[in-house]
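Quick one: the structure is below, and I'll ask about it shortly.
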Amino acid sequence: NTRGDLKTPGVNSPYRERSIEENKALFEAMRAGEFKDGEKVLRAKIDMASPNMNLRDPVIYRIQRAHHFNTKDAWLIYPMYDFAHPMEDAFESITHSLCSLEFEDHRPLYDWFVEHTDVPDKPRQIEFGKLKIANEVIGKRYIKQLVDEGIVEGWDDPRLITLSGLRKRGIPPKAIHQFVHALGLPKSQGETELEMLYEAVRGVLGEEAPRVHAVLDPIKVTIENYPHDTEELKVPFHKDNETLGERVLPFGKTLYIEREDFIEEKPNKKWKRWALGIEVRLMHAYFVKAERVIKDDQGRITEIIATYDVKTKSGSDFNERKPNGTIHFVEASTAQPIEVRLYEPLLLPDQDKSVDFKDKLNPDSKTVVQGFIEPHLEALTTRSVQFTRLGYFHQDDEAAHVYHRIVPLKSSFKRK
RNA sequence: UGGGCUAUCGCCAAGUGGUUAAGGCAUCGGACUUUGACUCCGACAUCGAAGGUUCGAAUCCUUCUAGCCCAGCCA
């Protein structure tokens, strides 16, 4: 190697002082195919002693009998990136050519080419730091590993921060724009927390997403004093955005609620959900009181027997009592089964930067659960909805019964 | 350690001699609530370190420290 190393200068090529005419002739010959691949190169004559390696008479053209996807086999010689970059920018009248930080050392060379060639424009290269997100796999070669090894399901796996992955997950483009815009184009080299993207997503979807009832971990509720089988409630899709319209929400004698919304004994006054002997409001419906539970052999609750109070119907101005909280439900006979995929960061929080990313893969980055969703949603014009009290979810392109969790709702509820 | 670059709150990020050192995320209080959501109030830094210049410095100078990048006929 004649380029030297970081501390010692390179040595000049023996052909460095060859005449321009001679070089031009040789270059034509290169192009004409008179030499074998790798036999000759064209170099820029700059400074073999430069502390910047890029300036040590860099190669700018090499012979390569390669098939090009666009120009096919028309060319035998191809320029190096460092030469092609400023030339393309200049010919295309690029004013600001943005690239990442590792090209800072190449800028002097970029400028040298612009300066020493007869080009129509004087473009300028500006570098910025790449966007990294904590606990996510960003690099293409690493993502490729995950894909190749089947750790994720493809380049569009909703856990990946690829555009196709974000799309499949249902992250709104507007949220990506806001997120990126908030970060700016700095030269610092940190990692952004995913939560910042999530918050942009919630901001967008909070206004636009219809609210819908779904239960992901169902437990059965029977209202023993309910005199009918079912009834239909007219409820809005979004309390604060009436342009989203209304839907018909079935209510009935048999319902499903979220298992974690019920506990036999109210643990403390902070508990704003359901418990035996306590009344909660079923959102958009009635107050219900838990009377007793039925358990299986293992002592696991299989059913809650409750009573309801007609007077407390949503929309009546009943205010004689306050419920302990409001929970959501789905009517059992009309509910549609759904599969819900829950996503978490691909990597476990890392304390140690030196740990290989393969050693900190999060085993729970994806979990699949079976649940129920309220019926009659065919007319929805958007596939991104809020499952009330749970989060934002996106219906899969192909499988209508599959929902991807885009992002959970924030919660100030502290377990334990 | 030859050269280049970066260092401002837990995470992003404004700020380029005179500001109470923006803002967002997170966090912690509290109000409101038919989503423990949303919304609303409130709390939350002296600027990597040490010297120096100045009436006055995160902003200028000096020295240090830490991290990132560069020795492909890759991009």
Side-chain angles (χ1 to χ4, degrees), chain A residues 1-10 37-43 49-56 58-64 77-82 84-85 99-109 127-134 140 178-200 202-203 205-207 209 211-213 235-236 238-241 261 270-273 280-287 312-316 318-319 322-323 325-328 353 386-392 408-415:
Chain A
N1 193 333
T2 61
R3 297 187 86 190
D5 62 29
L6 295 179
K7 291 178 191 175
T8 53
D37 282 15
E39 193 177 334
K40 293 254 187 283
V41 293
L42 177 66
R43 294 172 71 182
S50 171
N52 183 342
M53 299 295 295
N54 298 301
L55 263 21
R56 321 246 261 227
V59 170
I60 60 179
Y61 264 99
R62 80 283 212 189
I63 305 168
Q64 216 169 75
I77 58 172
Y78 290 93
M80 298 293 287
Y81 165 87
D82 277 325
H85 185 208
C99 61
S100 44
L101 250 26
E102 64 268 31
F103 292 103
E104 280 177 320
D105 287 341
H106 296 242
R107 179 158 24 93
L109 182 53
E127 309 83 14
F128 62 90
K130 282 180 184 168
L131 165 58
K132 289 195 204 128
I133 296 177
K140 285 188 289 293
Q178 286 177 9
F179 172 65
V180 170
H181 190 254
L183 295 173
L185 215 54
K187 293 181 80 171
S188 49
Q189 65 224 351
E191 289 189 322
T192 300
E193 291 170 347
L194 192 59
E195 200 55 34
M196 212 164 145
L197 205 214
Y198 282 2
E199 197 44 31
R202 293 189 193 102
L205 261 18
E207 293 178 18
R211 277 91 229 259
V212 139
H213 286 194
V235 307
H238 189 137
K239 190 176 44 149
D240 306 315
N241 184 352
D261 280 341
K270 292 252 193 178
W271 179 257
K272 300 219 276 188
R273 304 181 186 186
V280 289
R281 152 151 261 135
L282 290 175
M283 194 186 289
H284 300 307
Y286 306 90
F287 284 15
T312 61
K313 181 165 183 174
S314 184
S316 69
F318 180 85
N319 60 2
K322 284 280 182 194
T326 300
I327 65 174
H328 61 99
K353 286 269 189 230
Q386 181 192 103
F387 287 176
T388 302
R389 301 208 307 134
L390 299 175
Y392 295 98
L409 248 31
K410 281 202 283 195
S411 172
S412 57
F413 174 57
K414 295 160 197 78
R415 298 155 197 291

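Each chain gets a letter, A, B and so on, in the order the sequences are listed, and its residues count up from 1. No experiment lies behind these values; they were computed from the predicted model shown.
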Using heavy-atom distances to pick each residue's nearest nucleotide on RNA chain B, tell me which of A/Lys410 and A/His284 is more 5'.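 Closest to the 5' end, via its nearest nucleotide, is A/His284.
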
Indicate, with a heavy-atom threshold strictly under 4.0 Å, whether A/Arg211 touches base, sugar-phosphate, or nothing.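 Base, at least one base atom sits under 4.0 Å.
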
B/U34 base to A/Lys313 side chain: any donor-acceptor pair below 3.5 Å? no

Syn within 90° of 0, anti beyond: B/G67 is anti

Under 4.0 Å between any heavy atoms, over every strand shown, what does A/His106 touch: base, sugar-phosphate, or nothing? Just pick one.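 A/His106: base contact, heavy atoms under 4.0 Å.
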
Spacing of A/Asn241 atom CG relative to B/U39 atom P, expressed in whole Å: 14 Å

With a cut-off of under 6.0 Å to the ring centre and 45° to the axis, is A/Arg273 in cation-pi contact with A/Phe413?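 That pair qualifies as a cation-pi contact.
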
How does each nucleotide of nucleotides 2-14 of chain B score, in 5' to 3' order, for protein heavy atoms under 4.0 Å: base (B), sugar-phosphate only (S), or none (-)? BBSSB---BSSS-

Starting at atom CZ of A/Arg202, determine the distance to atom C1' of B/G24, rounded to an integer number of angstrom.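 Going from A/Arg202 (CZ) to B/G24 (C1'), I get 14 Å.
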
With under 30° as parallel and over 60° as perpendicular, where do the rings of A/Phe103 and A/Tyr81 fit, or are they tilted in between? tilted

Have a look at A/Glu127 and say if it touches a base, only the backbone sugar-phosphate, or nothing, with a 4.0 Å heavy-atom cut-off. nothing

Pairwise 5' ranking along RNA chain B for A/Phe387 and A/Pro79, keeping only the more 5' one: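 Checking each residue's closest nucleotide, the 5'-ward one belongs to A/Phe387.
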
Phosphate oxygens OP1/OP2 of B/C70: is one of them under 4.0 Å from a side-chain N or O of A/Arg56?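 A/Arg56 to B/C70 OP1/OP2: no side-chain N or O under 4.0 Å.
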
Select base, sugar-phosphate, or nothing to describe what A/Gly10 touches, counting heavy atoms under 4.0 Å on all strands.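 The residue A/Gly10 makes no contact with any strand.
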
Quick note, A/Lys239 side chain, CB onward, closest among B/A37, B/U34, B/C73 is B/A37

Would you mind classifying the nucleic acid contact of A/Tyr198 as base, sugar-phosphate or nothing, using non-hydrogen atoms under 4.0 angstrom? nothing

For the base of B/U34, is there a side-chain donor-acceptor partner from A/Arg281 under 3.5 Å away?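 Indeed, a donor on one side and an acceptor on the other fall under 3.5 Å apart.
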
